[in-house]
Amino acid sequence: MDKVFIEALEIECVIGIYDWERKIKQPVVLDIEMAFDNRKPAATDDIADTLDYKAVSKRLIQYVSESSFGLVETLAERCAEIITGEFGVAHVRLKLSKPGAVRGSKAVGVIIERSRAA
């Protein structure tokens, strides 16, 4: 299966379990791979036949920036649900990173893979 990807989509949001984290916005970074058969858009050269990565990005930016979760796990799950549910993606691999969350590391986070229920 072909994949459409969005790499290093950085979004500010309220995320974290500590009191100080609940009072500020912090960046999260999304790396997304979405299963999509690219043969039709390649044949037609028509944007209407594609998985519109700009539309996916805009929707996730809107959702994540307005969200307020304690756990990156919850936020990742909700983002995967949006991608599979609203954009009809059969399978998604999503990496959600929280830069600077642990001293000495570039980032921490989760990687999940979800498939749309048939």
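If you're wondering where the values come from, they're calculated on a predicted model, not measured in any experiment.
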I need the Glu77 CD to Phe69 CZ distance, nearest 0.5 Å.
10.5 Å
One should read off an interatomic distance between Arg78 CZ and Ile83 CD1, to the nearest 0.5 angstrom, of 13.5 Å
Is there a continuous path of hydrophobic side-chain contacts, each under 4.5 Å between heavy atoms, that joins Leu30 to Val14?
no
Mind checking the CZ-CG spacing from Phe5 to Asp31? Nearest 0.5 Å is all I need.
9.5 Å
Would you give the length of the straight line joining atom OG of Ser68 to atom NZ of Lys25, rounded to the nearest 0.5 angstrom?
9.0 Å
Side chain to side chain contact (heavy atoms under 4.5 Å, CB included) against Ala43, all qualifying residues, sequence neighbours excluded
none
Can Val29 be reached from Ile11 by stepping across I, L, V, M, F, W or Y side chains whose heavy atoms are under 4.5 Å apart?
no
Distance (rounded to the nearest 0.5 Å) between Met1 CE and Met34 CE
13.0 Å
Heavy atoms from other residues, nucleotides or ligands near NZ of Lys3 exceed 12 (cutoff 6.0 Å)
no
If we only count heavy atoms from C-beta on, is the Glu12 to Pro27 side-chain gap below 4.5 Å?
yes
Taking Arg22 for the side chain and Gly16 for the main chain, is one N or O donor matched with an acceptor at less than 3.5 Å?
yes
Please write out which residues are connected to Ile17 in a hydrophobic cluster, directly or through intermediates, given that two of Ile, Leu, Val, Met, Phe, Trp, Tyr count as joined at side-chain heavy-atom separations below 4.5 angstrom.
Tyr18, Trp20, Ile24, Leu71
Distance check, rounded to the nearest 0.5 Å: Leu9 atom CG versus Leu60 atom CG?
6.5 Å
Got Glu21 and Ile15 here, is their nearest side-chain heavy-atom distance under 4.5 Å?
no
Among Val4, Leu51, Ile61, Ile82, which one satisfies side chain to side chain contact (heavy atoms under 4.5 Å, CB included) with Val56?
Leu51
Backbone N/O of Asn38 and side chain of Asp2: donor-acceptor pair under 3.5 Å:
yes
Val72 vs Leu75 side-chain heavy atoms within contact, under 4.5 Å
no
Not counting sequence neighbours, which residues clear side chain to side chain donor-acceptor pair (under 3.5 Å) with Glu66? List them please.
Gln62
Atom pairs and distances, side-chain donor-acceptor, residues 87-97, under 3.5 Å, sequence neighbours left out:
unit_1, atom_1, unit_2, atom_2, d
His91, ND1, Arg114, O, 3.4
His91, ND1, Ser115, OG, 2.7
His91, NE2, Glu113, OE1, 2.9

Show me the pairs that pass salt bridge (Lys or Arg N to Asp or Glu O under 4.0 Å) and involve residues 46-65, at least two apart or across chains.
Lys40-Asp49, Arg59-Glu86
Please tabulate, for side-chain N and O atoms in residues 101-112, each donor-acceptor pair with protein atoms closer than 3.5 Å (sequence neighbours left out).
unit_1, atom_1, unit_2, atom_2, d
Ser105, OG, Val102, O, 2.8

